Q: 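Quick one: structure below, then a few questions.
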Amino acid sequence: MYADIIVDISAENLDKTYQYSIPDALVDTAVPGTPVVIPFGRGNRSIKGFIVGLSDIPKIDQDKIKPIKSIEGKANSIDSRMIALAWWIKEQFGSTMNDALRTVIPVKRSVEAKLSKTIKSLEEPEKLTCRLEEAEKKHHVAKVRFLTELISSGSLDYGLVTGKLGISTALIRKFTEEGVITVETNRVYRNPFNGTDRNGYVKPVLNPGQRSIADEIIGDLESGIRRDYLIHGITGSGKTEIYMEVIDKVLEQGRQVIMLIPEIALTYQTVKRFYMRFGDRISIINSKLSGGERYDQYLRAKNGEADIVIGPRSALFTPFPNPGLIIIDEEHESSYNSESAPRYKAGAVALKRAEMENASVILGSATPSMESYTMAKAGRLKLFTLDKRAGNASYPHIHVVDMRKEMKEKNRSIFSRKLKELISEKLEKHEQSILFLNRRGYSGFLSCRSCGKVIKCPHCDISLTVHNDSTMVCHYCGYTIPLMDTCPDCGSKYMASFGIGTQKVEEMLKNDFPGADVLRLDADTTKKKNGYEEVLSKFANQEADILIGTQMIVKGHDFHNCTLVGILMADMSLFVPDFRSGERTFQLLTQASGRAGRGSKAGDVVIQTYNPDNYCIQTAARADYLTFYSDEMALRRTMDYPPARCMLVISIEDKDEAKADEAARGLATRIRTYFSYEKEMRKILGPVPGTPAKANDLYIRIIIIKAGDYGLLLRIKNDTEQFLRTDFDDENAVSAGFTFN
Ligand code: ADP
Ligand code: ZN
Ligand code: ZN
């Protein structure tokens, strides 16, 4: 047996492995992650390393391979645990060990000595309060926002003020000149809330539903019982407060906490809530951090300077010395699945890491994924349910509108009569509305009414999206061409775009309600730095009556004055070619509905659909997760889809279309020949062109395999890798990606 060993665990040197032989006495203990001492270089000086791979094939002349000297060091150190986790990820999700290691070990970056600017108030709180009252009277919303935060915190991070709070530099200059505040430079960036006064914070008293869940989990922690949990609680039911209560206990036991939140929900309010409760012991990770800042947070965790890390899926790999709890909020979110190698699922990795660390996992969602709920039903996760909103908010009233009927009755507007009526009503009452445009899947693409041609990107084979500035853009690669007015195939002049965008909705809304103040939140707005936060905080501050947006408004802020959510094109996501489209639709509709009536006022939701009888729409309208789950599960069973069965998608990619075809066909034949007789085999489909069939100039072919158990799929994956390695020499090698569903 031979072992691949790395001697420097840093992302730059991960591919520098050296092969050593494993002495017989060590064969049983030498697993990936094991720390070893090896003779290195000409002088054979003893140095330390870690085993990252095993094999029975020597890479060089057998006689030249030196044996491992000994196993030494703590087999349980953070580094060795993270390497063992990487190994598991590689095995489980079919990537190279290198990619897996790169995922769990971040790139070492020098932490740039970043000077940060802090805003400090120079006036007494009473004086500031007077200013605040004055600003409120004059409806100076930006001033109100700024002064409110300044009064509650005393000092504020400059970047936070101009960024997340959306305050202009002109306003800061004005206050500085008037002697209200001063801007200090020089402090090293650590935490944007540093110095914020936390004295005003009072823990809410948990309601009985929250209390009993928290008590049960805390009870398990106290008795040292390791368990994993699923909290199924409707939006606003107070799951976050339960997490915080349990976190308190874990910290008290001297252990650390990893909390995953989808990046889009990691807003100023969310972060502040955690800061107010836990102070400087939190570490926040997000994609806007520079490499150095990210590494800084990594080191803080490793050195014991932080106990709680909050961030997206990469936060799972925080090198805490003794993590006791991993929380995944909104666990159904697809952003928890990695889309590049290793294509891991955060939920599965969390369960594995927790098992390795003797820690617990809490998954939380208003719409648990089919997988998690199935695990809960099977007893793998302990299930808790919260079906009432915390505080005094109540669940909104949901109206389903049949758009076919609207059309028949001569309403050709994109707004149903019910929706228009409610918008007017809310405008009169000075309450706010959100119009949610379901654009997952098909967007505004251009097609020919005469011959049916759809204009596509030549590099990616997906339809181009029409922008109102008369161009068409590829959303995969950015390819842009002018809008066409004649069909390139048949010359017809009847080119039209299907679907509508947020800009179009805004135009029509302004047409119907000229007096309303409208804000828009879509990919264009968010391209601007902090554009997303700016729009959301404007809306939260009631600077607009109506907010139009795509999926990204579904998460995030609590809008206490928002009492209407209109869902346009609720069906769009039903027709995406993906077996999870029904589940996604149910989740989107439920989450969007959850935005209405979070405050004390009752809310309304209007779902506009051409398929009012569809079970996803029906169950979402009744907020009936259990019926949705059992209907959907029945379908998955009939169709052999996960989680009823296991599914592997192999994608073969090559620059040369003929080669991609040949390799994919050869592979499919091989799999059919060797594996179709297996008892657990259900279906082998394909090869078919991928969706898209071409991306970044690579042709993609897909083979889908459904099986009764995961082990069979793993064997097929290993066999495929072997086959692609041995039957194609380097020059002809085609690459394959594996996605386990
Ligand atoms: P979820 O995470 O389930 O969406 P949150 O924990 O964010 O719910 O709670 C929703 C709202 O209700 C928040 O504004 C929160 O401060 C408030 N809240 C939660 N629990 C309580 C409680 N026990 N008493 C009063 N307010 C609460
Ligand atoms: Zn045509
Ligand atoms: Zn493209």
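Whatever order the structure lists them in is the order used to number ligands and atoms, beginning at 1. Just so you know, these numbers come straight off a predicted model, no measurement behind them. If you read the sequence from its start, that first residue is 1, and numbering goes on from there.
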Q: Which of these, Gly236, Ser365, Ala366, has its nearest heavy atom closest to atom 10 (C) of ligand 1?
A: Gly236

Q: Relative to ligand 1, is Arg389 under 4.0 angstrom through side chain, backbone, both or neither, heavy atoms considered?
A: neither

Q: Quick one, Asp228 with Lys382, criterion salt bridge (charged side-chain N to carboxylate O under 4.0 Å, His left out). Give me CA distance, side-chain angles, the key distance, then yes/no.
A: CA-CA 6 Å; Asp228 302 311; Lys382 163 100 185 123; over 6 Å; no

Q: Within the side chain of Ser360, is there an N or O that forms a donor-acceptor pair under 3.5 Å with the backbone of Arg227?
A: yes

Q: Can you sort out which atoms of ligand 1 are near Glu241, meaning under 4.0 Å from one of its heavy atoms?
A: 6 (O), 16 (O), 19 (C), 20 (N)

Q: For the pair Gln210 (side chain) and Asn207 (backbone), establish whether a donor and an acceptor sit closer than 3.5 Å, ignoring hydrogens and angles.
A: yes

Q: Counting both backbone and side chain atoms, is some N or O of Gln210 under 3.5 Å from an N or O of ligand 1?
A: yes

Q: Taking the six-membered ring for Trp, are the ring centroids of Phe586 and Tyr629 within less than 6.0 Å of each other?
A: no

Q: Please identify which atoms of ligand 1 are closer than 4.0 Å to at least one heavy atom of Val205.
A: 22 (C), 23 (N), 24 (N)

Q: Which atoms from ligand 1 have a heavy atom of Asn207 less than 4.0 Å away?
A: 23 (N)

Q: Measure up the Tyr625 and Phe628 rings against each other and bin them: parallel (under 30°), tilted (30 to 60°), perpendicular (over 60°).
A: tilted

Q: Could you point out which residue of Gln591, Gln587, Glu371 forms a side-chain hydrogen bond (donor to acceptor under 3.5 Å, both in side chains) with His332?
A: Gln591

Q: Using heavy atoms and a threshold below 4.0 Å, how should the contact between Asp329 and ligand 1 be classified: side chain, backbone, both, or neither?
A: neither

Q: Between the main-chain N or O of Leu325 and the side-chain N or O of Arg255, is there a donor-acceptor pair closer than 3.5 Å?
A: no

Q: Short list, please: which atoms of ligand 1 are under 4.0 Å from a heavy atom of Leu206?
A: 23 (N)

Q: Taking distance alone, with N or O pairs closer than 3.5 Å, would you say Arg273 contacts ligand 1?
A: yes

